[in-house]
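Note sheet for the following structure.
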Amino acid sequence: MSSVAFPRSVTWTGVALIALWLASFGLSFVDLGDAALVVALVIAAVKAVLVVAFFMELAYEPFPMKLALLSAAAMLAILIALMAADLVTRDTPPLLPYRAPAPQS
Amino acid sequence: MEFMRTILALPAGASTFADRVDGLHIFVITVTMIMSTLVFVAAAWFTIHYHRKRDDQLTKRLSASAFREGGIIGGILVLFVTWWLIGYRQYIEIMEPPPDAEVVYVDAKQWMWKFAYADGRSSNDTLTVPVGRPVKLVMTSRDVIHSFFVPEFRVKHDVLPGRYVTLWFQATKPGVYPIWCAEYCGVSHSLMRGQVRVLTAAEYEQWKSAGSDVILEADCGTGPGSCGGADLAEIGRAVAERRQCLACHTLDGQPHIGPTWSRLFGSTRELADGRRVVADEAYLTRSMMEPNVDLVAGYRDVMPVYQGVLQPAEAAAIVELIRSLRDGQPPSGVSLPKLEIEAVLDGGTSP
Amino acid sequence: MTTATHHEPAAIGHEAPHLEHFEDLEKQAHASRLGMWIFLATEVLLFGGAFALFASYQVVFPEAFRYSIHHNAKLLGSLNTGVLLVSSIFVAAAVHALRGGRSKLAAWLVTATMALGFAFLGIKSIEYSRHFAEGIFPGGVGSFFQEHRGPGFPEFWTLYYGMTGLHAIHVTIGIGVLAFLLAGIVRGKLTHVNSHRLDIGAIYWHLVDVIWIFLWPLFYLA
Amino acid sequence: MTTLAPTVPSPRDALPKAAQPTYLNVETTLRSWLLTTDHKRIGILYLVSIVVFFALGGVFALAIRLEHLTPNPTLMDAMTYNRMFTLHGVVMVWLFLIPSIPAVFGNFVLPIMLGAKDVAFPRLNLASWYIFMAGSIIVLVSTISSGIDTGWTFYPPYSSYSNTAVPTALFGVFIIGFSTIITGVNFIVTTHTMRKSGLRWLQMPLLVWALYGTSIIQVLATPVLGMVLLLVMLDNGLGWGFFNPATGGDPVLFQHLFWFYSHPAVYIMILPSMGVVSEVVTTFSRKNPFSYKAIAYSSLGIAFVGFLTWGHHMFVSGMSKFDAGAFGILSMLVAIFSAIKVFNWTWTLKGGAVSLKTPLLYVFAFLFLFVFGGMTGVAVAATSLDVHWHDTYFVVAHFHFIMVGGALTGFLAALHYWFPKMTGKMYSERLGLLSAALVFAGFFATFFPQFLLGNAGMPRRYFNYPPQFQVLHLVSTSGSWILAAGLIIAAIVLLYALKWGHPVGPNPWGSRSFEWRTDSPPPKHNFHREPNFDVGTYDYTQPLLGKYDDPRPLPPLPQDVA
């Protein structure tokens, strides 16, 4: 395999992916509390960007192709944000001060 | 207003919301009618005025000025946002019950409405309420999603299984109004009809003392004091004993494994994750069914889950008990429940 | 649809033919890559629906989810992540090998990728059978849920089976696609001239990897 | 623009048919149709199949309306009624409206409008039709077995427990989703890569913009529907309980995911209609659009903002008040884009040379019904009004104004507009106008009373209803028969024209749009020679050259006379 000149990007992306995989696995044994999920997802996102950009070669593609994935990601973000906003704000205290209805005759 | 209501086939308004909601309704529909007619008339006028004269006729290039285009967009946007502002304010009023409302518990199932009142009565399909006083409905479903709809009150809310939702109204005219299920719920969906009986204050008192309606029946449990006679808060006390709630919660303000029920109702609770919620009926029932979801700060997640254990009527009775304790002894927060030996020691050391 | 040559004369002899409604092979390759990326966008949103559901239940039942994650087979899941990552590296290398004209090397790399894909499915099935032995079944069925009553547990494990199961189906499809392409390489029909077809298969395989990159922390780590 | 001598013979010397094979007669075996990769033939395959499904959905609709003649059981029992309205919804939404304009007319004219020989992936295009048919047949088989009674919205927990053929029907819809996605991918790639060189984005016909926006929605929304249907299939078929409230699941989350698809799906139905309106209005007023860019970009605007508004279906479903407010105001934004379009279409007529032909009459119906339907949509998004209207006949009337008054009218306009292009024959203009007028009148009589029913509080999906609503139901049912009569007349007129219609030249309407610069019907690869797009698609300031500017009908060909 050594005789084949793979582009450097592939080699280095592979190394970085393995390193990030081990880092994420190692960090899972450290008690980070609520930050654990965030840290793990950030590492996952970095890995995903590496794969998409260099293995899938999206970095070298024209803009419309990038747009396809970007708009999918944007829609997904909208879906999750507005869905989660419902659950987080479902039991909020009253939004308006209470006014007694007009007395009836 | 009444004239427009007749034209639009709107039923007479019988709640405090009806007039304002109908005001917006008439505004919106009138503008809609005018706009669509205008578009049609403009199209027809252009068609007639610029009728094609020759088969090979050519036309000049005409284009919109950005100014006019922007003006029209801005005008329409202002109109729409105005509708939204008015509508959303009204919506919040409809969806946020006032704190002093009378509570009725609604239990929907295929295909009937069950109502349980604070004094322990219950009824099927007929909801009896006083005129001129806010009434709050705490609603849940036993099977699928239903929707509580009273057209005359201009209120509607889906009734969900596994969750408690609230809705309120204040009737303005005595009378009998239909309740319809507005969310498709199965083969007899269209027969899931009930009625709201709005009584005058005098009639309502008479109804309360007459005790003519069905008393909370089998599903309130079979323990002592669970059915008959006692008011709902009393039933709640019996249920709370039977279900071991009082092993962890106190009724007199003493702190214990769980929060005390005294003065709990209506207070703002700070949760373990930093959110703040008001302890209303929906919150309390949810805390029984899924205690680990809205854990109050300072308490451990040890309470068992009562989902599927407590019957809806039992949950309603416990909530009513907690409501009755809203003006109870203040939670002391300082003194822990003392063992006898500690009390002796305390007595010994203090002068 | 026939693969008739277009108005280009056969001067450039080894130039691969392109479909007749395209102007040239480059445009055809561009179109197929664009089509593939748009298809991948749909895959992102297909899993996205399930991710949104997962996020919602995670917001509502953080404790049950945290407990369930600790209960999950972390070592097997992490091993599987490594397996997929390495397979991705292999298939990326295969694409470059084929572009460089080294068909034989490319064939071996694709074979290795497929082998890792099978390894992934094997580890996955060990994981499933362990969960079944623990009494964890989808829909909140099994002895595990007798010990861990309460909302959130059934949701977590049902989503676990649903999402990893759907992912496993994608892995299987990916193996099939690679097998098809491998046959092309071995029979000499897929060479450096039309290597964009291997690109398409590799891109799909990478996407399966990317989805797992997100499934792993959600179900095994945090 | 250089002056060109007419390079093609005038239609008067048209060659006999046999010398110029069209896409229709180049091959005529059944096999050549079923294995075709020609986008035009695939469009025809779609047309035939969805018209059959539309007729089926229409029969269900008539049965529902007949049932409502009396407040009590009239024709059928409650369970049959529930299955009937569910099937009406499922068939009309997924078997007719979603594929209607994109799959039929998009397939037929999009590549011609771009000067391409075919779509980017012709074999996938054919596969999409087979997938669509497979899905449709699965849906219809579920009808025959035990039907589905959940409503087309499939809300759990009802759909999780319903013991009708829910999993089968959902699987069918799931399959159809693939065909939608394939069509969407195909159109996007075609628009990007297959344009005739030199044709820039802002020179494309407005229908292409509308189809492009539609395809974006199809591609981004459909997968979420696929996932959520899969989850409900597992819930109902295997008892997995993703949305089971008994274990802590939340059925409202289903509604979020479902409407994330199903609200944008409304724009899948209406955006192509809007594209058709843009084409028809400019052709029959012989004028450039009042603002090309505003119409083009608002298509993309609708496609994007359409994704932000799904929550307005859920104001009383137990969603948070905060979300209700957010979705309320976001819904207003979509209406703005539609308003821009309506304004521009109407003002396109100004200063034109307007000729009121059948397609334009349909477009006028569209304008009135769409503005009314759209504005009532804005009204429903004004949150407090929705509390009263939600799940009543008002909402039923509103979305029928959009989906029938908008999408179906657009479909009929397109069918009449491109009929000469597809078949080379012309239908009877007078009967066409009559059927259009009947469709409009019948539609209005059917659905306007439903607004009033909704105001009065009549909930939807009611088998029995209180007797005070009978008068309005009676009007509505009568209207449905006028509507049906209009549609049947339209069908007869077109079928008659198919056989005995007068042959037409390449450009019977005198349009400048690109698809009229080839023969009617077009040859297999769309153009006999490199198409001439020198005159812009909306440039009515100068004559086109040669036979493409001659709106006069062709003389009967010798073999027709004989």
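This one's a predicted model, so the numbers in the text were calculated from it and none came from an experiment. Every chain is numbered from 1, with letters handed out A, B, ... down the list of sequences.
Taken to the nearest 0.5 Å, the CZ atom of C/F39 stands 7.5 Å off from the CD1 atom of D/I181. D/W240 contributes atom CH2, which lies 12.0 Å from atom CZ of C/F137 (distance to the nearest 0.5 angstrom). Distance OG/C/S56 to CG/D/L257: 7.0 Å, rounded to 0.5 Å.
Ranked by heavy-atom pairs under 4.5 Å with chain C, the first of D/I182, D/V119, D/L35, D/T190 is D/V119. The most heavy-atom pairs under 4.5 Å with chain C, out of D/N244, D/V219, D/L124, come from D/V219.
Residues from residues 44-53 of chain C that place a non-hydrogen atom less than 4.5 Å from a non-hydrogen atom of chain D comprise C/L45, C/L46, C/F47, C/G49, C/A50, C/A52, C/L53, given in numerical order. Taking non-hydrogen atoms and a 4.5 Å limit, the residue list of residues 152-163 of chain C in contact with chain D, ordered by number, reads C/G152, C/P154, C/E155, C/T158, C/L159, C/Y161, C/G162. Residues of residues 224-232 of chain D having a heavy atom under 4.5 Å from any heavy atom of chain C, listed by number: D/V224, D/G226, D/M227, D/L230, D/L231.
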C/Y57 vs D/L253, side-chain contact (heavy atoms from CB on, under 4.5 Å): CA-CA, chis, key distance, verdict: CA-CA 9 Å; C/Y57 282 133; D/L253 294 178; 3.7 Å; yes
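The contact between D/L220 and chain C is made by backbone and side chain atoms together, counting heavy-atom distances below 4.5 Å. Both the backbone and the side chain of D/D250 come within contact range of chain C, with heavy atoms under 4.5 Å apart. For D/F243, the parts sitting under 4.5 Å from any heavy atom of chain C are the backbone and the side chain alike. Residue D/A116: no heavy atom, backbone or side chain, is found under 4.5 Å from chain C.
Heavy atoms from other residues, nucleotides or ligands lying under 6.0 Å from OH of D/Y23 number more than 12. In this structure, D/F171 places its CZ atom where only 12 or fewer heavy-atom neighbours from other residues, nucleotides or ligands lie under 6.0 Å away. At most 12 non-hydrogen atoms from other residues, nucleotides or ligands lie less than 6.0 angstrom from CZ of C/F180. More than 12 non-hydrogen atoms from other residues, nucleotides or ligands lie less than 6.0 angstrom from NZ of D/K196. Atom OH of D/Y130 has more than 12 heavy atoms from other residues, nucleotides or ligands within 6.0 Å.
Closest of all the heavy-atom pairs between D/G248 and C/P151 is CA-CB, 3.6 Å. Between D/T193 and C/K27, the shortest heavy-atom contact is O-NZ, 3.4 Å.
A side chain to side chain donor-acceptor pair (under 3.5 Å) check over residues 39-54 of chain C, counting only residues at least two apart or in different chains, returns the pairs C/E43-C/H170.
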